[in-house]
Amino acid sequence: MAELKEVFVPDIGGDEVQVIEICVAVGDTLAAEESILTVESDKATMDIPAPFAGVLAELKVAVGDKVSEGTLIAMMQAAGAAAAAPAPVAAPAQAAPASAPVQAAPAPVAAATATGATKVVEVTVPDIGGDTDVSVIEVLVAVGDKIEVDSGLITLETDKATMDVPSPFAGVVKDVKVAVGDKVSQGSLVIMLEVGGAVPAVAPSVSAPAATVAQAAPAATVAPVAAAPAAPAASVVAVKEIQVPDIGDASNVDVIEVLVSVGDEITADQGLITLETDKATMEVPAPFAGKLLSLTVKVGDKVSQGSVIATIETVTAGAAPAPVAQAAAPAPVSAAPVAAPTPASRPPVPHHPSAGTPVSTGAVHASPAVRRLAREFGVDLTQVAGSGRKGRIMKEDVQAYVKYELSRPKATAATSVGSGSGDGNGGGLQVIAAPKVDFSKFGEVEEIPLSRIQKISGPNLHRNWVTIPHVTQFDEADITEMEEFRKQQNDVAAKKKADYKITPLVFMMKAVAKTLQQFPVFNSSLSSDGESLIQKKYFHIGVAVDTPNGLVVPVVRDVDKKGIIELSRELADISIRARDGKLKSADMQGSCFTISSLGGIGGTAFTPIVNYPDVAILGVSKSEIKPKWNGKEFEPKLMLPLSLSYDHRVIDGAMAARFSVTLSGILSDIRTLVL
């Protein structure tokens, strides 16, 4: 069994910090520098990375624990522990039968390719006119680059001029000895350059195994070598450094996030690290695609333009080498992993507040930079779906969530209406607390408890008032003929000793149902997510009833299907049960529209509060005789004041005016109810 290695908290500045997130789970395969956990002090939030690649065998800490430098946090099985064993397999090559050396031949070739007989030379700063300690302002090459004679290597700047230092030879850059900001003079070492051919000499490395093969089997083994496939040699593998590009005038910029891990397949322009200056946050992209071999920076480091941040192995198409080299080309070259197409980034599906309170799992995977961004925007990361590796929340996820929320302002009010936090703060509205007043110091007082209905209806009315954008349309209807007809029918019913009495409210209910059929948007409710309207195909009218204990709103169902006499009986029954406190919960549910009538009390107009989930309510005041001009003279008319309050998120002013005019017309001529 492979030996387990301990992972400790590195130098974090001497503070004891709190573990706020575990980023991995036991059994996960981790890359070097991949985050294991996130800690937070009173100054900053930081990730603790894995110091080497391997498999996580055990976690020694949990969220909420306190750790400091040297604290044991995990046990890991190093990635190289199991891979070392197969190495001796190549040793028995000399003792194998004649055919064996043919298969073993590529191994020495690969070694020779890497350590061929080419010459590595030093390239120094030439005569630059006697100037000394000249600043390097740009490094033009990276390790692995193939350069030609006179190719620019670095750019220098004196107080008089800017100049490039050219390469005196063609070859492959093996090492860069300077960085942006360094001071150089004539003779300073710039790079180590491998010369003698763009591709390291392969022929010498082939000759050694070829001789061995000839000794073992002069005729039988050479032919297979010559017949080895030539295709893999068409790709050239190079290791290139990635440097911080031009980032303006900023220097010593903080690395706030590392976006990749060693071993990742990188696409061109993919973000590698995130930098933060006092003016902006920016990502450093990969200039080319390849496999990430090493990272030379970590979160918290300072970098400037030209700082080396990573090395990437690239695979490019090259000229076909000599036939012998084709035979010696090692299989791993052709098997080198090609960067798989990165799937399109899945846009996060954020949890919109209108869907209710989310269930927090406590497992939020995000870097300190992302957490800081979320705090700046006030984003709850438990509501953001991560699109990164293992569900990790990326900066783009937070930005997409914020854009999504800002694009749906109408849903905010629906959220408050639908969710009803119950904390008395107006469904999420930030209001100052009411002052506490001792009224007894002004005189005698008596404290009377609220009734049960008042305790229930009060918070609901407050919620509806502060979360629904109310607008009230005022109008009046001529009910002169309707009242004459109503009184006639009541006289007839009295003579028959009927068990009903027709009230003006019954005609209003029928008129409202008729108008709702013509304006179906009034017979709808806003969906809980604020994205659609739920249009109802039934017509249930709520009627506000004043009782000794408070206001209740029983519902009369299918008003459009019932006649005036049937509605009169039903309205009388529910009014009695409401005043006696015998209404059931089901009797007050399912309304489409509400009517609140104060006609029996008085007043000229008022603003009724929309009864959620309805989108409108009709307030009716006391009718009175008014003079109305008929074109020739004034006539006395019985006018009924109407106050139509509506939810402006659903209904606009023009629609409300048309509804009010239509309703007024039906009440003025009740014959239209039968059309």
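The structure presented is a predicted model; accordingly, all values stated were derived computationally and were not measured.
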K.L.:
I'd like to check the side chain to side chain donor-acceptor pair (under 3.5 Å) partners of Asp175; sequence neighbours left out, ordered by chain and number.
P.N.:
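For Asp175, the residues satisfying side chain to side chain donor-acceptor pair (under 3.5 Å) (neighbours in sequence not counted) are Lys177.
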
K.L.:
Can you name the residues that form a side chain to side chain contact (heavy atoms under 4.5 Å, CB included) with Leu140, not counting sequence neighbours?
P.N.:
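Leu140 satisfies side chain to side chain contact (heavy atoms under 4.5 Å, CB included) with Glu138, Thr155, Asp164 only.
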
K.L.:
Is Ile256 close to Leu275 at the side-chain level, that is, under 4.5 Å between some pair of heavy atoms?
P.N.:
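Counting from C-beta outward, Leu275 and Ile256 never come under 4.5 Å.
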
K.L.:
The criterion is salt bridge (Lys or Arg N to Asp or Glu O under 4.0 Å); which residues satisfy it with Lys183, sequence neighbours excluded?
P.N.:
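Salt bridge (Lys or Arg N to Asp or Glu O under 4.0 Å) list for Lys183, sorted by chain: empty.
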
K.L.:
Nearest 0.5 Å, please: how far is CD in Glu34 from CG in Leu56?
P.N.:
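Result: 10.0 Å between the selected atoms.
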
K.L.:
Would you please name every residue forming a side chain to side chain contact (heavy atoms under 4.5 Å, CB included) with Glu69, sequence neighbours left out?
P.N.:
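Listed in chain order: Asp11.
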
K.L.:
Identify every side-chain donor-acceptor pair in residues 57-64 under 3.5 Å, counting partners at least two apart or on other chains, and give the distances.
P.N.:
from, atom 1, to, atom 2, distance (Å)
Glu58, OE1, Lys60, NZ, 3.3
Glu58, OE2, Lys60, NZ, 2.9

K.L.:
Calculate, to the nearest 0.5 Å, the distance between atoms CG and CD belonging to Leu72 and Glu6 respectively.
P.N.:
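The CG atom of Leu72 sits 5.0 Å away from the CD atom of Glu6.
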
K.L.:
Backbone N or O of Ile137 within a donor-acceptor pair of the Ser135 side chain at under 3.5 Å?
P.N.:
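It does not hold such a pair.
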
K.L.:
Gln399: which residues meet the side chain to side chain contact (heavy atoms under 4.5 Å, CB included) condition with it, sequence neighbours left out?
P.N.:
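Scan of Gln399 (side chain to side chain contact (heavy atoms under 4.5 Å, CB included), adjacent residues dropped) gives Leu373, Lys395, Glu396.
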
K.L.:
Is a side-chain donor or acceptor of Asp264 paired with a backbone partner of Leu292 at a separation under 3.5 angstrom?
P.N.:
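No: the side chain of Asp264 does not pair with the backbone of Leu292.
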
K.L.:
Check side chain to side chain donor-acceptor pair (under 3.5 Å) between Ser188 and all other residues, then give those that pass, not counting sequence neighbours.
P.N.:
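For Ser188 there are no side chain to side chain donor-acceptor pair (under 3.5 Å) partners, ignoring immediate neighbours.
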
K.L.:
Quick one: does Gln270's side chain have a donor or acceptor within less than 3.5 Å of a partner on Thr267's backbone?
P.N.:
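At least one qualifying donor-acceptor pair exists.
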
K.L.:
Apply side chain to side chain contact (heavy atoms under 4.5 Å, CB included) to Thr132 and list each qualifying residue two or more places apart in sequence or on a separate chain.
P.N.:
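For Thr132, the residues satisfying side chain to side chain contact (heavy atoms under 4.5 Å, CB included) (neighbours in sequence not counted) are Ser185.
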
K.L.:
Is the closest side-chain donor-acceptor distance between Thr311 and Ser294 under 3.5 Å?
P.N.:
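A donor-acceptor contact under 3.5 Å links the two side chains.
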
K.L.:
Taking salt bridge (Lys or Arg N to Asp or Glu O under 4.0 Å) as the definition, give me every residue that meets it alongside Lys5, ordered by chain and number, with sequence neighbours left out.
P.N.:
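Lys5 satisfies salt bridge (Lys or Arg N to Asp or Glu O under 4.0 Å) with no other residue.
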
K.L.:
Please confirm whether the backbone N or O of Val308 pairs with a side-chain atom of Thr296, one donor and one acceptor, at under 3.5 Å?
P.N.:
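Yes; at least one donor-acceptor contact below 3.5 Å.
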
K.L.:
With Asp301, which residues qualify under salt bridge (Lys or Arg N to Asp or Glu O under 4.0 Å), at least two apart?
P.N.:
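By the salt bridge (Lys or Arg N to Asp or Glu O under 4.0 Å) rule, Asp301 matches Lys298.
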
K.L.:
Just to verify, what does Ser35 make a side chain to side chain donor-acceptor pair (under 3.5 Å) with, not counting sequence neighbours?
P.N.:
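By the side chain to side chain donor-acceptor pair (under 3.5 Å) rule, Ser35 matches Asp47.
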
